[in-house]
Amino acid sequence: MITLFHHPKTRSTRFIFLLEEIAAPYQIRLVTTRKSDGSGAVDPANPHPLGKVPAISDDGVVVFESPAITLYLTDRFPQNRIGPLVGEPERGAYLSWLAYYTGVLEPAFMSRFMNVEVPRGTAGWVAVDEAMAAVTRALSAGPYILGERFSGADVLYGTTFAMFGQSPIMPKSAIIDDYVQRVVSRPAFARAQARDLGG
């Protein structure tokens, strides 16, 4: 049984989506978190080392950070083919895009949000427009990050782009808009939204 440590309307909501996609047995444990305005508190029941969400426990095996959780769950529950397995041709691209998400894309967004210039030459990430250009090129080759195959990477990217779609930090792109619609129109996404709101 997977336990998802969750706070509504946060990044952990996308893991309800992923858990629904992979048809894993799971339960949701609501936890408190610190908020950007300084309110809230770290929940001692949350196993994430910084008290953030998401985190999961698989009968005591704790995993935190979105790409790690994605990889763990898609390897652990391969029946719905949401993540390429070791030895499959798409595995390299899958691992690369999971790492790109937190290693390049999130720092790029945060740099723009904080109005901080990317320290070119010394940083492992780039400006948002350059980071998004690589994603757009990948999506130009097929409906999803891995081409024809929907994967756990799309759970991360699609939900992030949906969240920031109207934000000035997100470059405008018809390719990205169409991609987001494909991701959020999946039945598992609707089920996740219902559960996030207590359904």
Side-chain angles (χ1 to χ4, degrees), residues 1-8 10-29 31 46-49 52-107 109 131 134-139 141-164 176 179-196:
M1 172 71 73
I2 301 294
T3 300
L4 172 65
F5 295 88
H6 174 61
H7 191 82
T10 65
R11 285 181 175 94
S12 62
T13 301
R14 62 186 169 203
F15 287 100
I16 305 174
F17 176 21
L18 181 58
L19 286 159
E20 288 286 336
E21 285 281 357
I22 62 177
Y26 72 97
Q27 61 185 354
I28 295 172
R29 178 156 184 184
V31 293
N46 185 350
H48 189 292
K52 296 183 177 186
V53 291
I56 64 166
S57 172
D58 180 7
D59 290 330
V61 175
V62 172
V63 185
F64 54 91
E65 299 306 317
S66 291
I69 296 169
T70 303
L71 183 61
Y72 182 89
L73 289 175
T74 57
D75 280 358
R76 177 84 166 76
F77 299 95
Q79 61 269 25
N80 286 353
R81 312 291 295 138
I82 303 299
L85 300 177
V86 173
E88 292 183 343
E90 296 162 310
R91 179 72 170 193
Y94 184 53
L95 298 179
S96 297
W97 284 113
L98 290 177
Y100 188 87
Y101 178 80
T102 49
V104 177
L105 195 67
E106 280 204 346
F109 279 147
V135 177
T136 303
R137 280 193 302 274
L139 291 172
Y144 299 110
I145 292 283
L146 299 183
E148 294 297 320
R149 181 177 186 174
F150 177 83
S151 75
D154 297 300
V155 172
L156 297 188
Y157 286 85
T159 57
T160 297
F161 298 158
M163 183 171 53
F164 289 119
I176 298 297
Y179 168 65
V180 167
Q181 284 310 305
R182 283 191 294 278
V183 172
V184 302
S185 66
R186 295 179 71 85
F189 182 83
R191 294 194 301 272
Q193 294 303 297
R195 289 218 59 189
D196 183 53

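Quick caveat: nothing in here was measured; it's all calculated off a predicted structure.
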Spacing of [atom1] belonging to [X] relative to [atom2] belonging to [Y], to within rounding of 0.5 Å:
X: T10; Y: M163; atom1: OG1; atom2: CE; value: 9.0 Å
X: D59; Y: I2; atom1: CG; atom2: CD1; value: 7.0 Å
X: R191; Y: L19; atom1: CZ; atom2: CG; value: 11.0 Å
X: I176; Y: T136; atom1: CD1; atom2: OG1; value: 4.0 Å
X: E88; Y: R149; atom1: CD; atom2: CZ; value: 5.0 Å

Is a side-chain donor or acceptor of [X] paired with a backbone partner of [Y] at a separation under 3.5 angstrom?
X: Y157; Y: V135; result: no
X: N80; Y: I82; result: no
X: Y100; Y: A131; result: yes
X: R182; Y: P143; result: yes
X: N46; Y: K52; result: yes

Least distance between heavy atoms, [X] atom then [Y] atom:
X: L146; Y: P84; answer: CD1-CG, 3.7 Å
X: M1; Y: Q27; answer: SD-N, 3.7 Å
X: P25; Y: F77; answer: CD-CE2, 3.7 Å
X: V180; Y: A162; answer: CG1-CB, 3.7 Å
X: V62; Y: P47; answer: CG1-CB, 3.7 Å

Passing candidate, side-chain contact (heavy atoms from CB on, under 4.5 Å) with L156, options L105, T102, I145, L98: L98
side-chain contact (heavy atoms from CB on, under 4.5 Å), paired with H6, selected from V53, V31, I16: I16
No-hydrogen, no-angle side-chain donor-acceptor test under 3.5 Å, R195 and Y26: yes
Does a side chain donor of either Y101 or T70 reach within less than 3.5 Å of an acceptor in the other side chain? no
Please tell me if the side chains of [X] and [Y] come closer than 4.5 Å, counting only heavy atoms from C-beta onward.
X: F15; Y: I56; result: no
X: I22; Y: Q79; result: no
X: Y72; Y: D58; result: yes
X: P49; Y: F64; result: yes
X: L4; Y: I69; result: no
X: S57; Y: F5; result: yes
X: T13; Y: Q193; result: yes
X: Y144; Y: S151; result: no

Verdict with supporting geometry, F150 and R186, side-chain contact (heavy atoms from CB on, under 4.5 Å): CA-CA 10 Å; F150 177 83; R186 295 179 71 85; 3.4 Å; yes
Steps toward side-chain contact (heavy atoms from CB on, under 4.5 Å) verdict (R14, V155): CA-CA 7 Å; R14 62 186 169 203; V155 172; 4.0 Å; yes
Take D196 and F17 through the test side-chain contact (heavy atoms from CB on, under 4.5 Å) and record every step on the way to the result. CA-CA 10 Å; D196 183 53; F17 176 21; over 6 Å; no
Check the pair Y179 / D154 against side-chain contact (heavy atoms from CB on, under 4.5 Å), numbers first and verdict last. CA-CA 9 Å; Y179 168 65; D154 297 300; 2.7 Å; yes
